[in-house]
2 protein chains.
Amino acid sequence: MQFMTDHDKQTEERIFEAATEVFIEKGLDGSRIQDIADRAGMNKSLLHYYYRSKDRLFDAVFEMIAMKMLKKFAPVFEGDLTLEEKIRFFFREHLSFLQKNPRLPAFLLNEVNRHPERIRKFLANINIENLWKMLYDQHKDELDQYNITREKMPQIITTMASLTVFPFAAKMLLVELFGKAGIKFDDYIEERKTFAADFMISALKNMNRSNPEDESKIKKNDNKKKK
Amino acid sequence: MQFMTDHDKQTEERIFEAATEVFIEKGLDGSRIQDIADRAGMNKSLLHYYYRSKDRLFDAVFEMIAMKMLKKFAPVFEGDLTLEEKIRFFFREHLSFLQKNPRLPAFLLNEVNRHPERIRKFLANINIENLWKMLYDQHKDELDQYNITREKMPQIITTMASLTVFPFAAKMLLVELFGKAGIKFDDYIEERKTFAADFMISALKNMNRSNPEDESKIKKNDNKKKK
DNA sequence: GTCTATAGAAGGATAGAC
DNA sequence: GTCTATCCTTCTATAGAC
């Protein structure tokens, strides 16, 4: 089994892998059964034999990809680290994962927008409120210190997702725009692992200092630091 | 002209508007000439009469949308404001624009990924390096004070875009996830106008303070501020 | 299980009447 | 300019031989 070639793989598995590639590249609407059969090196009627229809095949692929993404997301926030360590860990791990799977964000965001019915069943399992409640409770002391209230958690969580997901969702755009300036996308992502973490931590620690509505607190804080 | 109904509009314009709606909703691959004709209330052969082919019609629509987005982006950074004022202005204006055009981010990002050849000609006009050089030069004093080097500008610009674009690109996802937690997307965006600005400003002002690699610089800066 | 052949529907595009 | 009718291609899906 160690020297198993593509052709030795089970047919169903080969279909699934080819379909994954094609769907990620072209989306559901842009993909053709024939393309998938070609990439899997077989007759297209075999796809119907194993998966009944294009839609069912897509659902199988979509579920796998959604789960893959999800599994990488949540566990990052478990474990016995400080808030700052968790943030650094998240950006390093999640951006590394996306470097290996650069097309997942664009694929998922697009299909969610084009076929929202299709994704409801996957989202039913996700309780995002748990995620931010868990995070908040675990790090209440640190967050209190920075004047971050529980109500800010949705903004904070989505901000972290923005910082990692957007560059990949907009990869084609950035590659094109950066190219003219002599910047390589890969270098930019590598740099982002620490930039995003520094940025996030710095913002959290000092939001009260920069918020004009909190002038009084700022002055109080400044005094504290000076003494 | 004031009481002009849909039916009085010029045919070409009606086609263009219907096409814009359908393409934004379903993407190029998912849109059907027949859908557009139906929405415009006319025979589908008229679309060919005016636009020759589906692709040409799409190009016209795409160019209009890309320009609309672009025109809203750049001018935000002109004018004689402080860096902080510009950042606040950007988040307020850009998020307000997206509130009125919530599907543009998902549409643009998707088409850019699915049909990159098609967008090269639009991107040729954009020099993003100019944008960040301009910003950097205009606010060199403020940025120096915060130890933000010119090399950080790509990270900063893309971070600002992330914070506004991502929530709309992922709108369907967020609506679904927030719904269970009793959060309304519109409220979240409204709150984001100030949150993102506060967050950005706070991060910029204090990145050196939070970056462990810059301990020495932090102390130097603290001293400067105290005297 | 895998292939060939083909049904059957849908989509883009055009010719030609008015 | 606008409509009807129709061509041609492409796509999903199935029937049936092996």
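Chain A is the first sequence line, chain B the second, and so forth, proteins listed ahead of strands; every chain is numbered from 1.
Candidate nucleotides dT2(D), dC3(D), dG11(C) were compared by shortest atom distance to the side chain of Arg32(B), and dG11(C) ranks first. Out of dT2(C), dG1(D), dG12(C), the shortest distance to the side chain of His48(B) is found at dG12(C). Considering only the side chain of Leu46(A), dT2(C) comes nearest among dT2(C), dG12(C), dA13(D).
We find that CG of Asn43(B) is positioned 13 Å from C1' of dA15(C), with the value rounded to whole Å. Here the C1' atom of nucleotide dC3(C) and the CD atom of Gln34(A) are 13 Å apart, to the nearest Å. As rounded to whole Å, 13 Å separates atom C1' of dG12(C) from atom CG of Asp35(B). Between the NZ atom of Lys44(B) and the P atom of dG12(C) there is a distance of 7 Å, rounded to whole Å. Between the CZ atom of Arg52(B) and the P atom of dG1(D) there is a distance of 15 Å, rounded to whole Å. Between Lys54(B) atom NZ and dA10(C) atom C1' there is a gap of 12 Å when expressed in whole angstrom units. Following rounding to the nearest Å, Glu12(A) (CD) and dT2(C) (C1') show an atom-to-atom distance of 15 Å. Per the geometry, CG belonging to Asp38(B) stands 12 Å off P belonging to dC3(D), to the nearest Å.
Of all heavy-atom pairs between Ile87(A) and Ile201(A), the closest is CG2-CG1, 4.0 Å.
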Inset, instruction - List the steps, then state whether salt bridge (Lys or Arg N to Asp or Glu O under 4.0 Å) holds for Arg150(B) with Asp137(B). - result: CA-CA 9 Å; Arg150(B) 187 188 215 110; Asp137(B) 291 343; 3.6 Å; yes
Inset, instruction - Walk me through it: do Phe107(A) and Phe23(A) pass the test ring-ring contact (aromatic ring centres under 6.0 Å, His included)? - result: CA-CA 8 Å; Phe107(A) 169 76; Phe23(A) 281 138; 7.6 Å; no
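Side-chain N/O atoms of Tyr49(A) include none lying less than 4.0 angstrom from OP1 or OP2 on dT2(C).
A donor and an acceptor atom sit less than 3.5 Å apart, one in the side chain of Ser45(A) and one in the base of dT4(C). Remark: the Thr11(A) side chain and the dT2(C) base include no donor-acceptor N/O pair separated by less than 3.5 Å.
Contact check on Arg120(B) versus Glu117(B) returns no salt bridge, with no Lys/Arg side-chain nitrogen under 4.0 Å from an Asp/Glu carboxylate oxygen.
Rounding to the nearest 0.5 Å gives a distance of 6.0 Å between CD1 of Ile189(B) and CG of Leu95(B).
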